[in-house]
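From a predicted model like this one, the values you see are computed outputs, not experimental measurements.
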Amino acid sequence: QVQVVESGGGQVQPGGSLSLHCAVSGRTFSSYAVAWFRQAPGNEREFVAAIKWSGNSVYYSDAVKGRFTMCRGGDKETVLLQMNSLQAEDTAVYYCATEYTRQRNVPSRAPSDYAYWGQGTLVTVSS
């Protein structure tokens, strides 16, 4: 059984930083891309960042490029999302997910291409 578990959300002031952690178990971690998505109230779920199955490439949305960094964690089967210079517009529930397709050359940015999802963790940026 595949499980995806996020942690690390919370409240931070504008300009601050937070780190999110995602642990994936139950499938061969290194064969599937892992991505972060977010969803603000009233909005559709949107792509944030994804790391290729091989771990050697990371892709970001324009909204977070230069402020967020995604990487594999020190523990195997984990990924981290370091979020800096947070803005009010970054307020959302953040979800970690792993793809349906094994070893896709470029990770998809469509939520429908992701098979397993975590429960989400809330990030609130407010003064």
Side-chain angles (χ1 to χ4, degrees):
Q1 181 180 357
V2 180
Q3 288 191 315
V4 181
V5 180
E6 308 98 338
S7 61
Q11 183 167 346
V12 65
Q13 293 186 343
S17 299
L18 277 176
S19 294
L20 302 184
H21 181 270
C22 172
V24 180
S25 61
R27 69 182 341 198
T28 305
F29 181 78
S30 59
S31 292
Y32 300 88
V34 178
W36 288 97
F37 291 82
R38 66 186 183 185
Q39 189 166 18
N43 289 359
E44 294 186 351
R45 193 165 296 189
E46 66 170 351
F47 172 82
V48 174
I51 189 165
K52 187 173 176 177
W53 63 270
S54 58
N56 61 0
S57 296
V58 183
Y59 304 83
Y60 299 96
S61 70
D62 289 342
V64 307
K65 193 176 298 181
R67 300 187 297 121
F68 290 12
T69 302
M70 182 178 184
C71 63
R72 284 187 172 166
D75 298 335
K76 64 176 183 178
E77 301 180 349
T78 64
V79 294
L80 305 177
L81 184 68
Q82 176 65 39
M83 305 184 294
N84 297 328
S85 302
L86 283 161
Q87 305 163 2
E89 306 87 81
D90 297 314
T91 295
V93 177
Y94 283 71
Y95 297 91
C96 181
T98 178
E99 269 193 321
Y100 279 111
T101 303
R102 187 173 179 271
Q103 295 184 354
R104 186 195 295 262
N105 189 43
V106 177
S108 172
R109 298 182 179 224
S112 59
D113 286 330
Y114 287 78
Y116 301 99
W117 293 79
Q119 78 287 352
T121 185
L122 177 62
V123 172
T124 303
V125 184
S126 173
S127 55

Atom pair CD (E77) and OG (S30), whose distance is rounded to the nearest 0.5 Å: 8.5 Å
Taking only residues two or more places apart in sequence, or in another chain, which ones meet S19 in a side chain to side chain contact (heavy atoms under 4.5 Å, CB included)? Q82
Which atom of A92 lies closest to which atom of R38, heavy atoms considered: CB-CB, 3.8 Å
Okay, side chain of S85, backbone of R67: is any donor-acceptor separation there less than 3.5 Å? no
Any V5 side-chain heavy atom under 4.5 Å of S7 side chain: no
Closer than 3.5 angstrom, by distance alone: can the side chain of T121 be matched with the main-chain N or O of G9 as a donor-acceptor pair? yes
Would Q11 and S126 satisfy side chain to side chain contact (heavy atoms under 4.5 Å, CB included), going step by step from the backbone distance to the final call? CA-CA 7 Å; Q11 183 167 346; S126 173; 4.0 Å; yes
If you group Ile, Leu, Val, Met, Phe, Trp and Tyr by side-chain heavy-atom gaps below 4.5 Å, do F47 and I51 land in one group? no
Could you point out which residue of V58, L80, L20, V48 forms a side-chain contact (heavy atoms from CB on, under 4.5 Å) with M70? V58
Can R27 be said to sit on top of Y116's aromatic six-ring, NZ or CZ under 6.0 Å from centre and within 45° of the ring axis? no
Can a donor-acceptor pair be found between the side chains of T78 and R72 at a distance below 3.5 Å? no
Using only atom types and a distance under 3.5 Å, with no angle test, would you say the side chain of E6 pairs donor to acceptor with the backbone of G120? yes
What are the two closest non-hydrogen atoms of A49 and L81, and how far apart are they? CB-CD1, 4.4 Å
Is there a path of hydrophobic side-chain contacts, each under 4.5 Å between heavy atoms of I/L/V/M/F/W/Y residues, joining V123 to F68? yes
Shortest non-hydrogen contact from L86 to V12? CD1-CG1, 3.6 Å
Measure up the W117 and F37 rings against each other and bin them: parallel (under 30°), tilted (30 to 60°), perpendicular (over 60°). tilted
With side chain to side chain contact (heavy atoms under 4.5 Å, CB included) as the criterion, how do E46 and Q39 come out once you've worked through the C-alpha distance, each side chain's angles and the decisive distance to 0.1 Å? CA-CA 6 Å; E46 66 170 351; Q39 189 166 18; over 6 Å; no
Can you tell if the side chain of K52 reaches within under 4.5 Å of the side chain of N105, non-hydrogen atoms only? yes
Can you tell me if D90 uses its side chain to pair, donor with acceptor, with the backbone of Q87 under 3.5 Å? yes
Quick check with a 6.0 Å cut-off and a 45 degree axis cone: is R45 positioned over the face of Y95's six-membered ring? yes
Indicate yes or no: at least one non-hydrogen side-chain atom of V79 is less than 4.5 angstrom from one of C96. yes
Atom of T98, atom of Y32 and distance for their closest heavy-atom approach: OG1-CB, 3.5 Å
With a sphere of 6.0 Å drawn around CD of E44, does it hold more than 12 non-hydrogen atoms of other residues, nucleotides or ligands? no
Indicate if V125 and Y94 have the same hydrophobic cluster label, given that clusters are the connected sets of ILVMFWY residues with side-chain heavy-atom separations under 4.5 angstrom. yes
Tell me whether Y114 contacts the main-chain N or O of S108 through its side chain, where contact means a donor paired with an acceptor under 3.5 Å. yes
At their closest point, which heavy atom of S127 faces which heavy atom of P14, and how far apart are they? N-CD, 3.7 Å
Mind checking whether W53 and V34 sit in one hydrophobic cluster, side chains of I, L, V, M, F, W, Y counted as touching below 4.5 Å? no
